[in-house]
Each structure stands twice: as structure tokens, then as C-alpha cells.
Amino acid sequence: MEGAAIAGVTLNRADLRFPFDRDFASRLHGQRIHRLSRRAKYIVAETESGLGLAMHLGMTGRFTILNQPGNGAAPHTPGEFYYSYEADPRHDHVVFAMSHGGTIRYNDVRRFGYMTLFELASMGKHPLFQTLGVEPLSEDLTPAYIALRAKGKTQPLKTFLLDQRIVAGLGNIYVCEALFRAGLPPGAESGSLSIGKKGAAAAERLCASIEGVLEDALRAGGSSLRDYRHADGGSGSFQESFDVYGREGETCNRDCGSVIERKVQQGRSTFYCPKCQRKI
DNA sequence: AAAAGCCCCTGGACGC
DNA sequence: TGCGTCCAGGGGCTTT
């Protein structure tokens, strides 16, 4: 979509998680998309005129790119998977008509996603972005950074890692998986990461595990649970490589003889191996 | 300051 | 077939 202009925006309702900005559609009308980028869990469309469109998918948000008007998308190249998109009047909330004749649909069953316009020039000062922590795949994520931010915190590691102000973009799946790979208990005090040799070693493992999990997941095209899909209708396969997520009651992949358990932290499920993730 | 709990919303899975 | 309960890739707000 980079290089294409927005020929029209149709809003099929007045809000998603939040009401759309006033003049949302008209401000985007005719804007050429200069580039698409990402910060934390936000997809950002940057227009040539300096307008930014931040898009968060929430839990069930999904973009589908259709290269022809109507229901079906023609393959980009011969032999490519042909994706037929069935219109969903109940949950197709936003439709972008693009200058080259294609359309982009935003579908979101639970409407926890949202979109908002902002000025690219002052992105760093925008409330959505201002407090975000480091990108997990950047060189900013280091054991020293982890130790610094964890220092003195009594909150559980799981909570610490889900906090977007610390590391931006980690979600429930990848936090669970990273903690497993690092051999760290989800309930351990975060502050321990900044104490002593064991803490330093743990921070080191955690850092490497976060990177490793995300890289593996990216290679696999992400995790496709339920109807989670790519913009071309394809799906990821990282769910087949989960060590702990969604594996309650199953045997640990480390052959430690234990079974994966589930507990609730912050109202979300944490999956872990009680034996492999015993202490820092 | 930190943690627990509830809320937003819809739908699928499962038990009775 | 229907109804109730629990659960879900996120995260904000209020209460303790």
C-alpha cells in the first residue's frame, strides 16, 4: 500500500474502542501513503503531508487487502494463494478504497482495536507513544536496560514484561514463551533481575529469550489462533511451536517429567512449567 | 506505588 | 435446541 493514495474511507460505525476522530475520513481522503511502519503494537501509516494514522488491532482486529473491488483478491503473482474474502457486514467496520482500485478492510469482532490520526512531527510527544518502552528487537533491549527498569520492583515478572512502558509490543503469548525459554518463574519479583550474579544471568537469558521467541515467531509468520489471519488471508504457524501457551495439562517439552500449568495473573492466563521455571 | 478486579465486546466451546 | 459458564492475541479505569 505504500505509494497508493486513499481514495475514500467508509466508516460503518461511529466507534471502535473509542469514537473515531472528528473528520477522520475526510482528513484521510486523497492522502498518499508514504510509508507503513510500526511502533509497539501500533501500525502507522505515514502520509506525504505529515499526517500519521495509528492503528491498533486489539484482540480481534484484522486487516484484509483485496486487490480488486468486490469479494476476491487476485493473486499478487502467479501461483500465489488466492484468498476469497467473504464480506462481514457485522464486523467490517472500516473500508479504505485505494487509488489503484483495491480495498483494505478492517474487521474487528470485539472492537478492542482503534485508529487515530496524529501529526508525525510530534509523534514522540503524543500520549500513545510518549511512554512506550524499548522495541524488543532493537539494540535498546539489553540486560542492563532490563535490570535498570526492574530495579526495586516487586511486581511479578509476567506483569513487568506485559507493561508496554518497559518493553513495547510484547503480548501474553510471547511473554509466556519468553519466560519459559529463560527458565524464569512468571511470579518471581522483577526486582530480582537487578540483584547479584543470578539476577544478571537471568536478565541476560530473558533478553535473549525475548529476541529468540520474536524472531522465531516472525519467521513462522506469527501465531494463528482461532481466525487470526494475515492481510492476504494467509496464516502463521508459530502456534505449532508453543512450549507453554495453551498447553495446560500437557507434558513439558523439556522432558522434565512435569506438566504445563496455568494460573491467572492480572486477569490473564499465564502458562508455565513449574519445574523448568522454578526460580531466578 | 502496586496489585487486584472489573470493564469494554462478541462469539466459540463445553456442560447440563 | 437452549441456556449458562468460561475463555480469548489488549489494555484502561477504579478500588483496595
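Values below: every heavy atom of this structure, side chains too, minus hydrogens, waters and symmetry copies. Order of the sequence lines sets the chain letters (A, B, ...), proteins ahead of strands, with each chain counted from 1.
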Any [X] side-chain nitrogen or oxygen under 4.0 Å from OP1 or OP2 of [N]:
| X | N | answer |
| --- | --- | --- |
| A/Q164 | C/dG10 | no |
| A/R262 | C/dA8 | yes |
| A/R90 | B/dG11 | yes |
| A/T154 | B/dA3 | yes |
| A/K153 | B/dA2 | no |
| A/Q155 | B/dA2 | no |
| A/R17 | C/dG11 | no |
| A/T159 | B/dA2 | no |
| A/H91 | B/dG11 | yes |

Earlier contact from the 5' end, DNA chain C, for A/T60 and A/Y114: A/T60
Sugar-phosphate, base or nothing in reach of A/G58, heavy atoms under 4.0 Å: sugar-phosphate
Donor-acceptor pair, distance only, cut-off 3.5 Å: does the side chain of [X] make one with the backbone of [Y]?
| X | Y | result |
| --- | --- | --- |
| A/Q164 | A/G169 | yes |
| A/E177 | A/D243 | yes |
| A/T60 | A/R110 | yes |

DNA chain B: 5'-proximal contact among A/R111 and A/Q265 (nearest heavy atom): A/Q265
Nearest-angstrom distance, [atom1] atom, [N] to [M]:
| N | M | atom1 | result |
| --- | --- | --- | --- |
| C/dG11 | B/dG11 | P | 22 Å |
| B/dC6 | C/dT5 | P | 15 Å |
| B/dG5 | C/dC6 | P | 15 Å |

Rounded distance (nearest 0.5 Å) linking atom CE of A/M98 with atom OG1 of A/T103: 10.0 Å
Give the rounded distance in Å between these two atoms: [atom1] of [X] and [atom2] of [N].
| X | N | atom1 | atom2 | value |
| --- | --- | --- | --- | --- |
| A/E189 | B/dA1 | CD | C1' | 14 Å |
| A/K263 | C/dC7 | NZ | P | 16 Å |
| A/D88 | B/dG11 | CG | P | 9 Å |
| A/H56 | B/dC8 | NE2 | C1' | 14 Å |
| A/Q266 | C/dT15 | CD | P | 19 Å |
| A/M59 | C/dG12 | CE | P | 14 Å |
| A/Y174 | C/dG10 | OH | P | 10 Å |
| A/R268 | C/dG11 | CZ | C1' | 7 Å |

Polar pair under 3.5 Å, donor/acceptor by atom type, side chain A/R110, base C/dA8: yes
Closest to side chain of A/P156, choosing from B/dA3, B/dT10, B/dC8: B/dA3
Any-strand Watson-Crick or G-U partner of B/dC9, both distances under 3.5 Å: none
Centroid separation A/F180 to A/F271 less than 6.0 Å: no
Ion pair check, A/D163 and A/K158, cut-off under 4.0 Å: no
